[in-house]
Amino acid sequence: MTGPVTGPAPAARGPQPGERPVVLTFGTFDLFHIGHLRIIERAASLGRLVVGVSSDELNRRKKGRYPIYSQDERMAIVASLACVEGVFLEEALERKREYLLRHGADMLVMGDDWQGRFDEFSDICRVLYLPRTPDVSTTSLIETIRALSHRP
Ligand code: C2G
């Protein structure tokens, strides 16, 4: 018979000796590119990586447009990477604390375009910002494709 779950929340427990820390990162990962791969690889080198993929609706609310690839496609692409242990849907930026606690995160890793934005979570996990890969973004890819398609 199982009783009620007691003891500290997973995030408060921290990795036990010999255990790899749980690392969470978040992103849209639309038109998956080398910058996305690099941050995922670097985050995975720090522990067991779980990725929150932002939903189509979150993108519409925050950026005013839907991603090119659907959330199911974006999640499937990220989940297919050997260094990714799991993925889940990020439905609201405001629910980060809940996601971090639910997944027992020891560390939150984001690109430095988010520098300082998630420092409030340093009470429950380590918060790390890694340098973005220069000269590549989903926006610049869309612009390049658009320019090519307008050529005579
Ligand atoms: N990234 C990077 N280098 C680039 C482009 C992106 O390191 N040239 C990183 C970003 O810093 C981010 C991750 O890749 O950590 C995903 O980037 P986006 O898909 O643009 O995600 P974003 O829309 O910023 O995330 O809670 C955050 C939300 O999910 C939105």
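Atoms within a ligand are numbered from 1 in the order they appear, just like the ligands themselves. No experiment lies behind these values; they were computed from the predicted model shown.
For ligand 1, the polar-atom distance check against Asn59 finds no nitrogen or oxygen pair separated by under 3.5 Å. No N or O atom of Asp112 sits closer than 3.5 Å to an N or O atom of ligand 1. On a distance-only criterion, Glu90 and ligand 1 share at least one N/O pair closer than 3.5 Å.
The Trp114 neighbourhood of ligand 1 comprises atoms 24 (O), 25 (O), 27 (C), 30 (C), with distances under 4.0 Å to a heavy atom of that residue.
Ligand 1 has no atom lying under 4.0 Å from any heavy atom of Arg38. Ligand 1 does not have Lys62 within reach: every non-hydrogen atom of the residue lies 4.0 Å or more from it.
For Thr28, heavy-atom contacts with ligand 1 shorter than 4.0 Å involve the backbone as well as the side chain. With a heavy-atom cut-off of 4.0 Å, Leu58 does not touch ligand 1 at all. Here Val136 has heavy atoms under 4.0 Å from ligand 1 in both its backbone and its side chain.
The minimum heavy-atom distance between Ser137 and Arg132, with the atom names listed, is CB-NH2, 3.9 Å.
Of the candidates Arg132, Arg117, Arg95, Arg132 brings a heavy atom nearest to atom 5 (C) of ligand 1. Remark: among candidates Val78, Asp113, Thr139, Leu130, the nearest residue to atom 10 (C) of ligand 1 is Asp113, based on non-hydrogen atoms.
Salt-bridge formation is detected for the pair Arg97/Asp123: a Lys NZ or Arg NE/NH1/NH2 atom is positioned less than 4.0 Å from an Asp or Glu carboxylate oxygen.
Taking the six-membered ring where tryptophan is involved, the planes of Phe32 and Phe29 are tilted, since the angle between them lies from 30° to 60°. Ring-plane geometry between Phe88 and Phe26 is classed as perpendicular, the angle between the planes exceeding 60 degrees on a 0 to 90 degree scale with a lower cut at 30.
Here the protein heavy atom with the shortest distance to atom 3 (N) of ligand 1 is Thr133 N, 3.1 Å.
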For this session: Decide yes or no on side-chain hydrogen bond (donor to acceptor under 3.5 Å, both in side chains) for Asp119 and Tyr129, but give the supporting numbers first.
Result: CA-CA 10 Å; Asp119 289 357; Tyr129 304 95; 2.7 Å; yes

